[in-house]
Every structure is written in structure tokens, then in C-alpha cells.
Amino acid sequence: METLAVSLGEKSYNIYIKEGILADLAAYSGVADKWFILTDENLDRLYGTALAAALEGLPYAKFVLPPGETSKSFHMVETIIDAMLAAGLTRHSAIIAFGGGVVGDLAGFCASIYMRGIRYLQIPTTLLAQVDSSVGGKTGINVSQGKNMAGTFYQPQVVLIDTGLLATLPQREFTAGLGEVIKYGLIYDYQLLQSIKNNFVRFYNLDFAALNSLIRQCCQIKASIVGQDETERDLRKILNFGHTIGHAIETLTHYQRYLHGEAVLIGMHYESLLAKKMNLISEAYSQEIADLIGRTNISADLTDFSLTSLVEQMRTDKKNQDGILSFILPTGLGRVTEYTLTPQQTLALLSR
Ligand code: GLY
């Protein structure tokens, strides 16, 4: 088993990575008067019995969500909070987030506001959640104006990563997770990027040795970044590479057309092209990025969008200030820097 620490003073916690760790859940669940499992319908069908067995003898209630990003709404938060009250949860209870980014973000948000805050555990079930969203305490829900516009920074008490759960992950979800994996290589570690290229087929073939190592490396990067900048004042912003364009296309398509990681792949492709047009990276590196993203078979095509509405949507991004758009752009091998562009400059560069 791999154990990593997220060092945040009193809010520090561990990430445990092991195939099959779900069965040991009771050993990591801490002390609570009741646990509240939040999961979705697909996962409940696949793992409801295994979860029940893992919690046997402990008092718990369960809430099952419809799958998909549209569950990340104020309406759903209200429904969940009502269910938590009806289940008799107290300040000494804890939520178990068993799912991907949607479940994790919602569970964290509900935990942060229920009776002014209760504990929660993350058991991420998708590759994307295992390498990114379950670590670092970002919680959030979407509103019509944009993604994650309401949320909190609220750290879990533990993250349990059971890589065995990836065996039932649909290939499309797996590709979406690889989007965030590739992001780590591009923002922080060019050697990791090379290793992703070399092991690409092993990942898709669910070679668990390769996957465990990959997930550990990604979580190590995430833990290090979050440990230095929990609330995204500075360094943590680099994790937003691909997200300025990515969030805009997710919002414009009402969260129905792309998975988050797919939108990030498309966002990274176009934000790398912006960097090339601004002469921040070489033609060769730009091509290397495009080739790797291309290997996921994502259709990186913005032609369905009016560039004006895309840029208009980017203006609502919470990373912006004074109407100026914030982009994290590649500036070298495994390196990125924040740049700001006016909407007009962005439109001109995207149109070229
Ligand atoms: N997913 C980006 C972050 O946690 O900051």
C-alpha cells in the first residue's frame, strides 16, 4: 500500500492507495455516531453490496444520486441536507463520498455546511477523482452562470484510493481521467509526461502496477501543490491549466456533452495553441502536446462554438479579475505560468 500525506497543519490527512482497500473501509472510517454514504445509481448497483459489507455493524444511511454533472446543483444540496437531517446525522457524524468528481464535490460541500461542518471521507471511484478531485478539499456546485461558482475549501479526513474500482470504469471516463493525468505532466513534471507516453497502452489495459504508480505520482504532485497553497492564492492556480476554455465549453453545452476531463483535454489543446501563437513554446513542444492529447482520441474541435460566445462565457470564470481573462499557459517542458489576456486579445488569438 502507498501512503501519502497532505500536510496542512491541523487539517492534514493521508491518502492511501491500494487495490481492494474498499473492503478495509471500517479501519479508516474514524469515529462517528453515524456515517452517510453519498453515491450515484451506477455505483450503487455495482458496489452497493461491497460497501454494505465493508460497513457491516456500523450505523449508516445512504443517499443515491442520479449520475452526472447536473446533480451538482443547489436543489440537490437542499435535498441531501434534508436527507441527512431525516437520517438523524449530528455534528459527530461523517459523510462517505463514494464516487467520481460530482459525488466528491457535492459531498464535500454538504459536509462543509451541515451543522456548520462535519467530517467526510473521500473514496474516489474514477481515475479523474483518484488523481485530482478527491485530494485538496475543493468542493462545489454549478449554477447557470458557470461551473463550481458556489463552493468551499474543506479538506476530507482521509482519501482511500482503491485502484481495483477502475476495472468497471467506462473507457470514456478513463480517457477523461487521463486528461487530468496528462495535465500533471504538462504543468509540473516533464519526466512524468514521458512516462505517460511510454505506458499509455498499459494504462488502458488496466495494468494495475502501472496505474498504481501513475496515481501515486499524480497524488504526490497534487499533495505537494495543495500543501503549499491550499486556497489557490498562487501556486495552486497551475492546476487550472486547460480549465479556462474547458469550463467555458462545459457550461455552454450545459454539462451534457463533455465529461469534465474531456473538456480539460480540449481546453489544454487550445490553451497550448494559444501559448504557441504567443511564442511561449516551440513548434516541436506544441506538436508533442497535440500528439499526446490526440492519442486519447478526443475530438479537439471548437468549430461547433461561436468563438465570441466562448470568450463571453470565459469572462464569467471566477479566476478572472476586472474582466481580464486568466490563463495558465505552457512556457517550457513540464512548466506553466499564469498569463492574463483581454477578451479581445483572446478572441484574436483563437481566431488566428
Ligand atoms: N482541480 C484543481 C484543484 O484542485 O485545484
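Whatever order the structure lists them in is the order used to number ligands and atoms, beginning at 1. Numbering starts at 1 and runs along the sequence shown.
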Any atom of ligand 1 sitting under 4.0 Å from a heavy atom of His243?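 Heavy atoms of His243 never come under 4.0 Å of ligand 1.
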Distance to 0.1 Å, residue and atom name: give those for the protein heavy atom nearest to atom 5 (O) of ligand 1.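 Ranking protein heavy atoms by distance from atom 5 (O) of ligand 1, first comes Arg236 NE, 2.8 Å.
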Are Glu262 and Arg257 close enough for a salt bridge, meaning some N to O gap below 4.0 Å?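 Answer for the salt bridge query: no.
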Hey, which of His243, His247, Glu69 is the one that makes side chain to side chain donor-acceptor pair (under 3.5 Å) with Lys147?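 The residue from His243, His247, Glu69 that satisfies side chain to side chain donor-acceptor pair (under 3.5 Å) with Lys147 turns out to be Glu69.
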Partner of Gln130 under side-chain contact (heavy atoms from CB on, under 4.5 Å), chosen from Thr163, Leu214, Leu169, Val159: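 Among the candidates, only Thr163 passes.
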Which residues satisfy the side-chain contact (heavy atoms from CB on, under 4.5 Å) test with Ser326, sequence neighbours excluded?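 Only Lys319, Asn320, Glu338 meet the side-chain contact (heavy atoms from CB on, under 4.5 Å) criterion with Ser326.
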Can you sort out which atoms of ligand 1 are near Leu239, meaning under 4.0 Å from one of its heavy atoms?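 In order of numbering, the contacting atoms are 2 (C), 3 (C), 5 (O).
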Polar atom proximity, Lys138 to ligand 1 (N or O, under 3.5 Å):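 Between Lys138 and ligand 1, an N or O pair is found under 3.5 Å apart.
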